[in-house]
Amino acid sequence: MPAVRGDGMRGLAVFISDIRNCKSKEAEIKRINKELANIRSKFKGDKTLDGYQKKKYVCKLLFIFLLGHDIDFGHMEAVNLLSSNKYSEKQIGYLFISVLVNTRSDLINLINQSIKNDLQSRNPIHVNLALQCIANIGSKEMAEVFGHDIPKLLVSGDTMDVVKQSAALCLLRLFRTSQEIIPGGEWTSRIIHLLNDQHMGVVTAATSLIDALVKKNPDEYKGCISLAVSRLSRIVTASYTDLQDYTYYFVPAPWLSVKLLRLLQNYPPPDDPGVRGRLIECLETILNKAQEPPKSKKVQHSNAKNAVLFEAISLIIHMDTEPNLLVRACNQLGQFLSNRETNLRYLALESMCLLATSEFSHDAVKKHQEVVILSMKMEKDVSVRQQAVDLLYAMCDKTNAEEIVQEMLNYLETADYSIREEMVLKVAILAEKYATDYTWYVDVILNLIRIAGDYVSEEVWYRVIQIVINRDDVQGYAAKTVFEALQAPACHENMVKVGGYILGEFGNLIAGDQRSSPSVQFQLLHSKYHLCSPMTRALLLSTYIKFVNLFPEIKTQIQEVFKQHSNLRSADAELQQRASEYLQLSIIASHDMLATVLEEMPVFPERESSILAVLKKKKPGRVPENEIREHKSPVPGSTANHQEERSAAKTVSANASTDLLGLSTPPAAPTAGNTGVLVDMLGELYTSGSPQPHANNVAAQNAYNPAKFVCKNNGVLFENDLIQIGVKSEFRQNLGRITLFYGNKTSTALQNFSAAVTNPTGCIGKLNVQSKKVDPTVEAGAQVQQMVNGECVFDYPDAPSLTVTFTCNGTPQKLSLRLPLTVNKFFEPTEMTGEVFFARWKNLSGNEQRSQKIFKATQPMDNTAIRTKLIGFGMQLLDGIDPNPENFVCAGIVHTSKQQIGCLLRLEPNKQAQVSDLLQCRCFFILLRVNVCETLSGTGH
């Protein structure tokens, strides 16, 4: 390999060539260590090193650092280079300092003094080097030291243009670090007047600085408006020959023009008629130039020309006061919709979305509806298709709503998976917003569920039920339509939910027809029952009890179903309880009582649709703020009145185990009941040194909190955009069984799937864990299970780890989690009297038999929350045996295969000081009592 040239530094070139020629990592490290030893000896032993040699050796150190090796010497030699008068030596010194010197270094005072000397130099090259170094470091300390010197350089009449340019950019860098650096008062006017500077480079740099300052304090810098318009006017009206040095492919100063147009977007339209007229003239000129034939066929010319045009259109949209300009801008963008360049089509659609929100240009945008619909269907680039969907949504009004909604529904069947969910939300919003006939709205939503049921969120079907309940004129039609939809062989679960709810409320309106008799309705719904998730089954059971009230003739059939699901045939406790209670209600209650309990849902209070809030969360900035309301529409439920269903919904929110088959539903945030003083049971176990979940290339990842499983056995352990991992556990004495559910949330199969359970070193021999292998492929939307068996042999300190690896769309993913198998799972609650408790408590009073801790609570102490956590931890809460009623005492036995370990606990809270005076845990085994004591105290701080 030929030697590398390095500014005449032959030794540096040879060293770099040697490194490149190394055949292995070991050879490279050996060569680097040899060179470091040589440089160190030169710096220490040779006091006659000249500037060239210092520069060469400092360059070598910098190169070694950039290769990834630590450098712990040579800093002083680099600082010495700053005092050199040679540009190349001073440049290398500043480069070394910018990269390697920390602002807390002992040499920082020497460095600052050298920089100050260069700032005061008459040599503009030295001043620029100093300014570049300050900007490269850009620390708060630099801002404090040089905050007074740089503004003086910027506005001084003696400063050369090239230095002013660097000073403006350096000041911008420091302002982003410390906004207090810019002085006010007279300095404001002097900085603004840099827009009038004769040097275009100074104006360009100053415009960037002023734009940042305006965003912080627009009123103080309001004087920049007239100067910016004046400068823009001179550029726009100039020929490309007038600004020869700043013309780019026949476009005069395109970068400065764009910066000035962006600067003006920080303010409303100018109040001064003269300034306003001049600005409008500039914008008209830019639009006129866009219609002129291109002066060059090169892409750089069209890029520069279009950059200025699109920024001018952005300013026209921002002003929103000139109908003529808005319509002209719309027509100009319409021409781009058929352009060969994909980026231009995308930008045109994006800008037209904004134009569609203006009352002056909305009709002009609608003229391009056919072209936009064609873009949605035919574009090869999915981002352009999505932008076309956004524009159709923005241009929709009462005159074209049905046509646009129908086109979007037609396209939805073949739409890219990445935009389906957003399209569903937009169709639902448009259908509701512009519905003149709510039968049309019902048809649209049911079509949505039929075409893209997986992408229909709960907010959408909640909303259609709310609207049907609130409008008598559409109830019979909705019941008939949903009944017909349920007859399809393949029926989405969301359709079953809507059908179950509406038929439960209004099935009587279509019961007169033999084709939809009560028995037929019941059989139709029940034929879908075994295919549904537990949450939907719970809703259908509520529908059946409603049928008992609506149709007494099928009461016997329904009671048989309740009997079947009220016993162990149903593995879900919620379904068992619901079926048992409904069965007893149907047997015991009189007809009048049933009619009262199961009467129709009352009308919902009218509220803004919550679908808008969902859309805004998915596309920030695309939905106007004033269309979003804080409150959500009420979740439909009936007074089981589906009140039981609302209760079930709350249960699902707090315990996501019921979501194991409904993989599209994200886990709900913890409820208030889980945020007491003992929030993070076993918090330290899961946070101190435990691996955190990570997934390569996964942008959105939900919170991972394994500590919540200390007090419960079922739920969602982890969830992100690709996968949901659910847990269902059961324990008996020293044995435990955990079922893990892996659900694929993507539209492609997960390949090379594996899930390995590993025992920590400290648990070997104390906890036996066996796990079954899982299928290597998880199909799209499918779910696989893995059984994990655990045996507690002896008291162990840590939970096993779960490592999940798979490949999605060719990208490897890895998750490192904690398996919810902590030692408290093997607790058995133990009842005892106060006399027995305190006798045993006294017997365990030695220092080697007790652990205790005093800690401060982070939240107000709530007795109910504390009780819930202590019981969930697995121990028996012993009420009324402590002389102080504010104290909590617990007892439990940990079952191991070798022996049973008794454990006693006492918590003494001080509510006034929000401090637990004492938390004590006593047993014979230090590991267990320290674990329990530290865990419970860790939840309070």
Side-chain angles (χ1 to χ4, degrees), residues 151 154-155 164 168 172 175 182-200 202-239 242-243 246 251-290 307-330 332 351 354-355 357-361:
L154 178 61
V155 300
K164 282 186 178 181
L172 173 60
F175 174 74
I182 305 293
E186 61 174 328
W187 289 95
T188 300
S189 175
R190 299 175 74 177
I191 291 174
I192 287 174
H193 276 82
L194 289 172
L195 293 174
N196 269 340
D197 198 279
Q198 294 182 347
H199 192 275
M200 294 291 284
V202 174
V203 179
T204 304
T207 304
S208 297
L209 173 63
I210 293 170
D211 186 52
L213 296 174
V214 163
K215 286 179 170 58
K216 183 197 174 192
N217 197 342
D219 292 335
E220 187 173 354
Y221 291 88
K222 198 171 183 179
C224 71
I225 297 176
S226 59
L227 295 180
V229 171
S230 175
R231 173 63 73 173
L232 180 65
S233 176
R234 279 180 273 169
I235 295 172
V236 169
T237 56
S239 168
D242 297 339
L243 301 171
Y246 285 87
V251 180
W255 283 276
L256 178 55
S257 299
V258 168
K259 287 176 184 288
L260 291 169
L261 289 165
R262 286 184 180 170
L263 175 61
L264 291 170
Q265 289 175 51
N266 291 305
Y267 293 100
D271 296 327
D272 187 305
V275 175
R276 185 167 183 162
R278 197 170 184 183
L279 175 58
I280 292 173
E281 184 182 338
C282 290
L283 296 173
E284 288 177 340
T285 304
I286 293 172
L287 292 175
N288 291 336
K289 285 187 175 182
V308 177
L309 173 64
F310 276 104
E311 208 58 54
I313 291 174
S314 294
L315 179 57
I316 292 170
I317 296 170
H318 171 76
M319 292 169 61
D320 197 23
T321 56
E322 301 297 325
N324 182 46
L325 287 178
L326 287 164
V327 172
R328 286 194 61 188
C330 182
Q332 180 63 53
S351 296
L354 299 174
L355 282 170
T357 62
S358 171
E359 60 177 320
F360 302 118
S361 54

- [ ] Report the distance from atom CG of Leu213 to atom CG of Leu172, rounding to the nearest 0.5 Å.
- [x] 8.0 Å
Task: Gap separating the CH2 atom of Trp255 from the OG1 atom of Thr207, nearest 0.5 angstrom - done: 15.0 Å
TODO: Give the intermediate values and the outcome of side chain to side chain contact (heavy atoms under 4.5 Å, CB included) for residues Ile191 and Ile182.
DONE: CA-CA 10 Å; Ile191 291 174; Ile182 305 293; 4.1 Å; yes
Task: Under 3.5 Å: donor-acceptor pair, side chain of Ser230, backbone of Ser226 - done: no
Task: Which residues share a salt bridge (charged side-chain N to carboxylate O under 4.0 Å, His left out) with Arg231, sequence neighbours left out - done: none
TODO: Give the minimum heavy-atom separation between Ala168 and Ala206, together with the two atoms involved.
DONE: CB-N, 4.1 Å
Open item on the list: Pair His199, Tyr246 - check side chain to side chain contact (heavy atoms under 4.5 Å, CB included), show working.
Closed with: CA-CA 10 Å; His199 192 275; Tyr246 285 87; 3.4 Å; yes
Task: Separation between CD of Glu220 and CH2 of Trp187, rounded to the nearest 0.5 Å - done: 13.5 Å
Task: Closest contact, heavy atoms only, Ser361 versus Leu326 - done: CB-CB, 3.9 Å
Task: Working for side chain to side chain contact (heavy atoms under 4.5 Å, CB included), residues Leu232 and Leu264 - done: CA-CA 10 Å; Leu232 180 65; Leu264 291 170; 4.3 Å; yes
Task: Check: Ser208 main-chain N/O paired with Asp211 side-chain donor or acceptor under 3.5 Å - done: no
Task: Val229 backbone acceptor or donor facing Ser233 side chain under 3.5 Å - done: no
Open item on the list: For the backbone of Ser189 and the side chain of His193, can you confirm whether one donor and one acceptor N or O come within less than 3.5 Å of each other?
Closed with: yes
Task: Salt bridge Lys164-Asp197, side-chain N to carboxylate O under 4.0 Å - done: yes
Open item on the list: How close do Ala312 and Leu261 get, counting heavy atoms only, and between which atoms?
Closed with: N-CD1, 3.7 Å
- [ ] Measure the NZ-CG distance between Lys222 and Asp271 for me, rounded to the nearest 0.5 Å.
- [x] 5.5 Å
Open item on the list: Does any part of the side chain of Asn324, heavy atoms only, come nearer than 4.5 Å to the side chain of Glu284, both counted from C-beta?
Closed with: yes
- [ ] Mind listing the closest non-hydrogen atom pair of Asn266 and Lys215 along with its distance?
- [x] OD1-NZ, 3.5 Å
Task: Leu260 CG to Thr204 OG1 distance, which is reported to the nearest 0.5 Å - done: 8.0 Å
Open item on the list: Strictly distance-based, threshold 3.5 Å: is any side-chain N or O of Tyr267 a donor or acceptor partner for the main-chain N or O of Pro218?
Closed with: yes
TODO: Quick one: list whatever passes salt bridge (charged side-chain N to carboxylate O under 4.0 Å, His left out) with Lys216, sequence neighbours left out.
DONE: none
Task: Which residues share a side-chain contact (heavy atoms from CB on, under 4.5 Å) with Pro270, sequence neighbours left out - done: Ile225, Val275, Arg276, Leu279
Task: Reference residue Ser358; test side chain to side chain contact (heavy atoms under 4.5 Å, CB included); the match among Asp320, Thr321, Val327 - done: Asp320
Open item on the list: Working to the nearest 0.5 angstrom, can you tell me the gap between Ile313 CD1 and Arg328 CZ?
Closed with: 10.5 Å
Task: Trace of the side chain to side chain contact (heavy atoms under 4.5 Å, CB included) decision for Cys224 with Leu195 - done: CA-CA 8 Å; Cys224 71; Leu195 293 174; 4.0 Å; yes
Open item on the list: Quick one, Leu287 and Leu283 - any side-chain contact, counting heavy atoms below 4.5 Å?
Closed with: no
Open item on the list: On a heavy-atom basis, which atom in Val258 and which in Ala307 lie closest, and how many Å separate them?
Closed with: CG2-O, 3.9 Å
- [ ] For residues Ala253 and Met200, report the shortest heavy-atom separation together with the two atoms involved.
- [x] CB-CE, 3.9 Å
TODO: Indicate yes or no: at least one non-hydrogen side-chain atom of Asn217 is less than 4.5 angstrom from one of Thr188.
DONE: no
- [ ] Evaluate whether atom CZ of Arg278 has more than 12 neighbouring non-hydrogen atoms of other residues, nucleotides or ligands under 6.0 angstrom away.
- [x] yes
